[in-house]
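Notes follow the structure.
Predicted model only: the values in this text are computed from it and were never measured.
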Amino acid sequence: MRSGAVDRFAANTGLEFTGAVLKPGKWVVRNATDLWNEYIYLQDVQQENARLLTQVKNLSFELADARENVAELKRLRALMHLSPPPMWDRVAARVLSYRIGVQAELDSIILDKGYMNGAEKNTPVVTHEGVVGRIVKAGPTTSSALLLTDLNSRIAVISSHNRTRGLLVGSGSRDELQLKYVPINAELEEGELLVTSGLAGAYPKGLPIAKIVSITHSDISLFKTVKAKPLAGLSNLEEIILLQAPPVTAESEVTSLSEEKNSSKKVEKNATH
């Protein structure tokens, strides 16, 4: 009895001792395995996060590009609604940059079309909103256009309602033009649209160009002081239309010279009355 009890005690004690020795080892192995698995999992999560971040960046770029394409499409569709005058053709061009010269002395834009693509000197530059300016210098594949707000810009115009003529002059500001040589007794209204008269210049007749914003009178001048605002947004141009004039014939050249002389006589007559 005693011997059996001692044997059982010894066996159980040995078993417990063996378990006490083996259990920590198993715990270490189990925890080391769990730690390794967690490390591998975290590595996979980190790699997945990096992949997702890259994907988000790419999708953001694609979304921005898509929005830009949609905006460009809207602008181009608006330009396509512009109907050129009879016998005139239109050529689309992109704006490469604003202003030229060391001191940016000209209020102008650089276009991606030159004389090989229809951008010859004095070619009218327009958008669906109105006149922008005209080409002043053309290379083979690029050209520069003088904006109608430049101090050197002079455009013969006529009011849409009262049919009063004048000379639209740039003021150097993108939001302001001056209408010169309007007689003090001429009919003119604020809010009235000004369109190109087609006389003494490169522009065809009837192109919308500006809206009158103020009219004041002076006791010491024979002319009204008229200020106007361009219809086209000149500060954010991206695409424009070049209007190509019909081929010049001997008959059209004589008519143009006659119209120019008559326009000059009218301005001189207004200045003396």
**Report entry** Option from Leu234, Ile241, Val95, Leu146 for which side-chain contact (heavy atoms from CB on, under 4.5 Å) with Val132 holds
**Finding:**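 Of Leu234, Ile241, Val95, Leu146, side-chain contact (heavy atoms from CB on, under 4.5 Å) with Val132 is met by Leu234 alone.
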Query raised in the report: Of Val131, Thr149, Leu168, which is the lone residue that meets side-chain contact (heavy atoms from CB on, under 4.5 Å) with Pro230?
Result: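 It is Thr149, the one option of Val131, Thr149, Leu168 that forms the side-chain contact (heavy atoms from CB on, under 4.5 Å) with Pro230.
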Give, for atom [atom1] of [X] and atom [atom2] of [Y], the distance between the pair rounded to the nearest 0.5 Å.
X      : Y      : atom1 : atom2 : result
Ser153 : Leu147 : OG    : CG    : 8.5 Å
Arg174 : Asp150 : CZ    : CG    : 9.5 Å
His217 : Lys224 : NE2   : NZ    : 4.0 Å
Thr164 : Leu179 : OG1   : CG    : 9.0 Å
Thr142 : Asn117 : OG1   : CG    : 9.5 Å

Residues clustered with Leu231, ILVMFWY side-chain links under 4.5 angstrom: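 Traced through the cluster, Leu231 reaches Leu193.
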query: To which residues is Met116 joined in a hydrophobic cluster, defined by side-chain heavy-atom contacts under 4.5 Å among Ile, Leu, Val, Met, Phe, Trp and Tyr, whether direct or through other members?
result: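 Traced through the cluster, Met116 reaches Tyr115.
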Report all side-chain donor-acceptor pairs from residues 205-216 shorter than 3.5 Å, counting only partners two or more places apart or in another chain.
residue	atom	partner	partner atom	Å
Thr216	OG1	Thr225	O	3.3

Just to verify, what does [X] make a side chain to side chain donor-acceptor pair (under 3.5 Å) with, not counting sequence neighbours?
X      : result
Lys229 : none
Asn122 : Arg134
Glu192 : Ser159, Asn162
Ser143 : none

Set of residues satisfying side-chain contact (heavy atoms from CB on, under 4.5 Å) with respect to [X], sequence neighbours excluded:
X      : result
Glu176 : Ser171, Ser173, Gln178, Lys227
Thr123 : Glu120, Ile135, Leu242
Leu151 : none
Val195 : Ile158

Nearest non-hydrogen partners of [X] and [Y], listed with the distance:
X      : Y      : result
Ala156 : Leu167 : N-CD1, 3.8 Å
Pro124 : Pro204 : CG-CD, 4.1 Å
Ala186 : Val182 : CB-CG1, 3.9 Å

Polar side-chain atom of Asp112 near backbone of Arg94 as donor-acceptor pair, under 3.5 Å: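 Side chain of Asp112 to backbone of Arg94: a pair is present.
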- Message: Treating Lys121 as the side-chain partner and Ala138 as the backbone partner, does any N or O pair qualify as donor plus acceptor under 3.5 Å?
- Response: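 Not a single qualifying donor-acceptor pair exists.
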Practice problem: With side-chain contact (heavy atoms from CB on, under 4.5 Å) as the test, would you mind laying out the steps for Val126 and Arg90 before giving the verdict? | Solution: CA-CA 10 Å; Val126 302; Arg90 61 185 178 186; over 6 Å; no
Checklist line | Stepwise side-chain contact (heavy atoms from CB on, under 4.5 Å) test for Ile184 and Leu222 | finding: CA-CA 6 Å; Ile184 198 73; Leu222 298 175; 5.8 Å; no
*Take Tyr203 and Leu243 through the test side-chain contact (heavy atoms from CB on, under 4.5 Å) and record every step on the way to the result.*
CA-CA 9 Å; Tyr203 300 92; Leu243 294 180; over 6 Å; no
Notebook entry, point to check: Hey, does Ile110 have a side-chain heavy atom less than 4.5 Å from the side chain of Ser144?
Noted result: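 SC-SC contact between Ser144 and Ile110 confirmed.
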Report task. Would you kindly confirm whether Trp88 and Ile155 end up in one hydrophobic cluster when ILVMFWY residues are joined by side chain heavy atoms under 4.5 Å apart? Result ->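 Shared cluster, yes.
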**Prompt:** Are there more than 12 heavy atoms of other residues, nucleotides or ligands under 6.0 Å from atom CD of Glu187?
**Reply:**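 Open: at most 12 neighbouring heavy atoms sit under 6.0 Å from CD of Glu187.
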